[in-house]
Amino acid sequence: MTDDDYRVSVYRPLLPPADAVAAYIRQSDAARFYANRGPLVCQLEARLSAAFGQDDAVRLTASGTAAIEAAILAQAGPARPEKPVALVPSYTFAATALAAERCGYRVVLTDIARETWCLEAEACPRGDEIGLVLPVAAYGRMPDLDAWSRFRADTGIPVVIDAAAATEALMDRPDLIRADLPLTLSFHATKTFSTGEGGAVVWSDADGLARIEQVSNFGFHYSRECKMAGLNAKMSDYHAAVGLAMLDDFPARRQAYAGIVARYRDAVRGLPGRLHLPPDLASVYVLWEAPDAASHDRVEAAMDDNRIETRRWYEAGLHVQPHFRSAARPDLPVTQDLSGRLLGLPMSHDLPAERIARIARVLAEAA
Ligand SMILES: *Cc1c(COP(=O)(O)O)cnc(C)c1O
């Protein structure tokens, strides 16, 4: 992920400076407490809860994937023989489906809604064999959570929302946080808010949060006795130090992104297709929706020729990846169509204006 004078990366993370992180790590040294929900982890949980307009709704994890696994175990438990299936949208990052597999589920990949790019409750199959549904907030865009709450109440099927990229959405819309639907976040370096590696479960259910703590710590609860299925999903205090330092500066970071978004919007005015920008998406994503697959591929190749990196963030859907090929429902027309037309363009909070102009120029010529 390095830019030279000419090459443009699709994303260039910048985490807090080492000195800012060290100031927090000194607190861990003073307390001689580095893991198992140390003081920095508890501090970051409290500050994120407040940033989400909640008293106590956040449990930190070692990664976004670990957050999904912990939420599945706390909300649904491991797969049972009579309900072995987890429904997962094909249009997502591999972690969503892998987490369900790790909890013993047989993954069945489903299509998404054309407007929201998410698996929506109205279109979700409701068979007796379904033990879990894992809707994904694609690029940080939330599915209709009211509809998922009704689905959960009507069917009794447990639902966990993979909201990996939606940290900013939760800051802007605290009403998204619920007691019946645990949401999971990723704090990977390529996400807007980052601890390097890390994640969180966000859930306004005190009993649910207690179960997250238990499954994240080997199924232990006030003893060293394993009482339920679990894993080591805990975040270390070193990672929490990065998050605390990042949170100190986060309003300025979001403002910097907003400036880049305004430049992008001006630069592509009048070009064919459609540009999807934050805050509709998480700030790390700028997506060009091509009118058709041919122009998408043409622009992708032209960017590459001009040493501008692009990315199909969710590839062509999980259903064409070798490990998941047998898991797909027979046809996924929306996934097939959208994944061939949505192209991730370069983004970072300090993307120079000259590079945005170059990206827009190549787009205009090739489209
Ligand atoms: C980033 C991401 C994850 C994985 O998070 P990690 O922190 O890398 O484990 C899962 N799902 C989606 C949709 C993501 O974008």
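When a ligand or atom number is given, it counts from 1 through the structure's own listing order.
- Looking at E213 and K234, no side-chain N of the basic residue comes within less than 4.0 Å of a carboxylate O on the acidic one, giving no salt bridge.
- A tilted orientation is assigned to the rings of F220 and F218, their planes being inclined by 30° to 60°.
- Around ligand 1 you find S63, G64, T65, T92, F93, A95, T96, V136, D162, A164, S186, H188, K191, G198, each with a heavy-atom distance below 4.0 Å.
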Under 3.5 Å, side-chain donor or acceptor atoms of residues 132-139 against the rest of the protein: list the pairs with distances, not counting sequence neighbours.
{"unit_1": "Y139", "atom_1": "OH", "unit_2": "Y91", "atom_2": "OH", "d": "2.7"}

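- Geometric assessment of R141 against the ring of W117 yields a positive cation-pi assignment under the 6.0 Å and 45° thresholds.
- Applying the side chain to side chain contact (heavy atoms under 4.5 Å, CB included) test to S28 and every residue at least two apart in sequence or in another chain returns Y34, L40, D237.
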All N/O donor-acceptor pairs, side-chain side in residues 77-86, below 3.5 Å, sequence neighbours left out:
{"unit_1": "R80", "atom_1": "NH1", "unit_2": "E82", "atom_2": "OE2", "d": "3.3"}
{"unit_1": "K83", "atom_1": "NZ", "unit_2": "D128", "atom_2": "O", "d": "2.9"}

